Amino acid sequence: MIACRIEPKGQIEPEGAGVWRSTGSDPQFRLTHPRGGRLFPFRLTGGWVRIRADLDGLGATKPVPLLYVDDGSGFREEEAVRLEMREDGGIDDLVRLPRRVRGLRLDPLAASGRFRLSRATLEPLRGPAAALAVARRLVARLPEEERGAQALLGRLARLALSRPPSALWRAFWDSARPRPAAASYAAWIEKVERPTLPSPEAMRAAIESFRVRPRISIVMPVYNTPKPYLEAALASIRAQAYPDWELCLCDDASSAPHIAPMLDALAREEPRVRLHRRSKNGGIVGASNDAMTLATGDWLTLIDHDDMIPPHALFAFVEALNADPQIDFLYSDEDKITVGGERYEPFFKPDWSPETLEACMYTAHLALYRMDIVARIGAFRAECEGAQDYDFVLRYTEHAARVHHVPQVLYHWRAIPGSTAQAMDNKGYVVAAAARALEDRARRTGGLASVRPTAFAGSFHLRRPLAARPLISIVIPTAGRDSEVRGRTVDLLAACLASIRERSTYEPIEIVAVDNGDLRPATKAALERFDARSVTWDQPVFNVAAKMNLGARAASGEVLVFLNDDIEVISPDWIEAMLALLQIPGVGAVGPKLLFETGELQHVGVTVIDATPDHPRRSYPREDPGHFFSTVGNRNYLAVTGACVMVRRADFEAIRGFDEDFAVNYNDVDLCLRLRERGLRSVYCAEVELYHYESRNRARTVAADEQARFRARWATAIPKDPYYSEWFEALPPTFELDPARF
């Protein structure tokens, strides 16, 4: 048995005593020999190995251990093995290694979170020892009543009669072979994407019938690109099924000797290539702008010199334009591709999300820009070098009335060591340039208060100054009860009022509590002490929607905040941050990040999948970045929770407030969806944090009649959640691939 050295290699931070924290969705360890050097003192060859490790999730973290084996071709997603966990925790599994082993990698989970990993061992098994281990594993998988000697002998006798000995022997070993990683992206490509790709014949027939046949100008700056990657990029463009394109190349004074002959040969043999060569290096902005001057097309797209697009990429865009010729801007999903050509880390994007774009460059690749709008906004700006495409799309979308998301992976972003595809931290100047682009965006669209990078490079908090400071009416429905918080009994309403008054920096605030007519003297005293007043819900039937409507009628503020009484303020400027978002034209509801008492996530937006509302990433760690910053950046969702939601009174009254037929549940989601019918979107405000001691004051149940009513109203109107991919787990929504879908 060999005790392995556990070396953190990516998205891992140590917390001591074998406790680690994953900072992303792909934490990685290398398993090496304790003395370092070669993988192990002997050469591991093809054969069975028993792998054991002390691995346990902490809090809500659930380990999903994957083992990757480098056989000389790198660590490949399609070869990942899902390791079995013991019922009492920890890994204990059998793995059959390939003939060559050049490295072992252990990924403990597929999300951010805290976990314990303190020991890992490998035990090579040969001959009879391997057979015995496999046999024990097979017996352990049987029901307990079938594990006795007599039952096992009977099973063996039946098997012996069912097939030849050689077939039984193969089946015996196959039963313990490595299991493919559940819900791997490689499986999605094989089972979902590949069967649905249009055939060349089908695309040719569709193109012949297109009424709209625009020319697409592909802008590509080139600088010292490694030959294999440049060849692959150019080949992927020439392989496009849609033929009406031109490739606008600018060689940015490359010094690599292979560049000039390659591009010259391409320009000679491909009439759709337009080539410009700079005599002096101008950087990506200068080279891109020079390439853009070559463009004569109706639409523009940008492709990096080492990336790739699939043959149906341009076809998919033009197909969408034929369905709706009024579209101004299109973008697709994307993934990354290794130097070896293996695809990984898909980015299944939301439909058009203006506030998401102000938190991160989510539209990125592949995108299509209308040339008349490009002419209006101008070319790339030198002051945003490194994030010039982000600045470009921020300026462009200010003029785009109709935006369309093509939910297909149409771009493969090459992950080369040192590139931003591999890690944004590799190029710190990119973060600074993106911040400048956002600052300018804010100045153009309402003024700038601040732009701050989050703890996760590539995402930002943009804040505009408040155009006005209206009276904010905070409406708190309450039962006036005590509950245990952090080990002590507290009056929930009194504690909520104290946190608002003592920590909030915004003025003016009005607080209206809606009670049941049975507040205790101490709670009434707290209302007076914290300059709050109450109105009484005097009906015998509990109805939180009606209580909130009553509170809104009693309040006098221009802006309403509906707040549970089990909320505690963390961020002092919570009102300012939410109000800054609410004042953006088109925003109708804003909700903050809510944390459980333990610090784990309770609310970061609401999905509505199959007419069922739910909270994404619920119980994930507080520092979880989400799926491409979905937790740490402001983001559009179909709804936010009524535990804390800010709306304008005028909008609230225009839709007649909360629907009182949703007496307990779904009234908040229904409110947001009715605002959406009026063209108003909901925003999750990631920079605001509040504690939510959820349902401390009563049990949470969802009545069947409320479920049926919600489904009857919204199942047809919202057939899919536009902000959450159908390929992710739905209930609960985790932003992780759902193996049940493929």
Side-chain angles (χ1 to χ4, degrees), residues 1-4 6 12 18 20 22 25-31 44 46-71 75-98 101 103-111 113-126 128-147 152 155 170-188 729 734 736-740 742:
M1 183 181 298
I2 306 164
C4 303
I6 302 170
I12 298 286
W20 308 83
S22 164
S25 61
D26 194 25
Q28 302 176 12
F29 292 92
R30 297 292 191 274
L31 302 182
L44 284 175
W48 291 98
V49 172
R50 185 178 187 182
I51 179 169
R52 285 177 281 193
D54 293 336
L55 172 65
D56 293 289
L58 300 177
T61 302
K62 298 178 181 178
V64 184
L66 303 178
L67 181 70
Y68 293 77
V69 181
D70 178 5
D71 62 359
F75 296 113
R76 292 173 291 172
E77 289 291 331
E78 64 269 24
E79 300 296 332
V81 177
R82 175 77 173 267
L83 297 175
E84 288 187 355
M85 295 281 291
R86 299 190 304 265
E87 291 185 4
D88 60 347
I91 298 169
D92 188 351
D93 206 351
L94 299 175
V95 174
R96 189 168 188 174
L97 298 177
V101 178
L104 295 177
R105 182 181 116 197
L106 176 65
D107 292 12
L109 55 157
R114 296 177 67 249
F115 60 95
R116 181 177 290 106
L117 178 62
S118 56
R119 184 182 68 95
T121 63
L122 287 177
E123 181 183 359
L125 302 173
R126 298 289 185 264
L132 181 60
V134 172
R136 285 175 173 168
R137 184 59 50 90
L138 291 176
V139 171
R141 292 173 181 169
L142 294 174
E144 189 172 353
E145 63 272 15
E146 297 182 24
R147 298 179 192 171
L152 287 174
R155 175 182 284 269
R170 285 194 302 272
F172 172 77
W173 290 110
D174 287 344
S175 65
R177 286 185 184 278
R179 295 148 306 285
S184 72
Y185 183 45
W188 182 89
E729 292 180 320
T734 61
E736 295 171 10
L737 287 173
D738 183 1
F742 53 91

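What you are looking at is a predicted structure, and each value in this text was computed from that prediction instead of being measured.
- Summarising the geometry of D93 relative to R82, their closest heavy-atom pair is OD2-O, 4.0 Å, with the distance given to 0.1 Å.
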Checklist entry - Going through the distances and angles, do W20 and L58 end up as a side-chain contact (heavy atoms from CB on, under 4.5 Å)? => result CA-CA 10 Å; W20 308 83; L58 300 177; over 6 Å; no
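- To the nearest 0.5 Å, the span separating CG on L67 from CZ on F75 amounts to 9.0 Å.
- The shortest distance between side-chain heavy atoms of P108 and S22 does not fall below 4.5 Å.
- Annotation for R116: atom CZ does not count as buried by contact number, only 12 or fewer foreign heavy atoms lying within 6.0 Å.
- Contact record, L55 with M85: O-CE, 3.5 Å, taken as the closest heavy-atom pair.
- Rounded to the nearest 0.5 Å, atoms CZ (R114) and CG (L109) are 12.0 Å apart.
- Between atom CD1 of residue I6 and atom CG of residue L31 there is a gap of 7.0 Å, rounded to the nearest 0.5 Å.
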Next on the checklist: Between V49 and L94, does the side-chain contact (heavy atoms from CB on, under 4.5 Å) criterion hold? Intermediate values first, please.
Outcome noted: CA-CA 6 Å; V49 172; L94 299 175; over 6 Å; no
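- Here the CG-OG1 distance, from D92 to T121, works out to 8.5 Å after rounding to the nearest 0.5 Å.
- Between L83 and L106 there is a side-chain heavy-atom pair separated by less than 4.5 Å.
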Next on the checklist: With side-chain contact (heavy atoms from CB on, under 4.5 Å) as the criterion, how do I51 and L104 come out once you've worked through the C-alpha distance, each side chain's angles and the decisive distance to 0.1 Å?
Outcome noted: CA-CA 11 Å; I51 179 169; L104 295 177; over 6 Å; no
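- Here the straight-line distance linking atom CG of L117 with atom CD1 of I91 works out to 7.0 Å at 0.5 Å rounding.
- Note that the CZ atom of R52 and the SG atom of C4 stand 11.5 Å from one another [nearest 0.5 Å].
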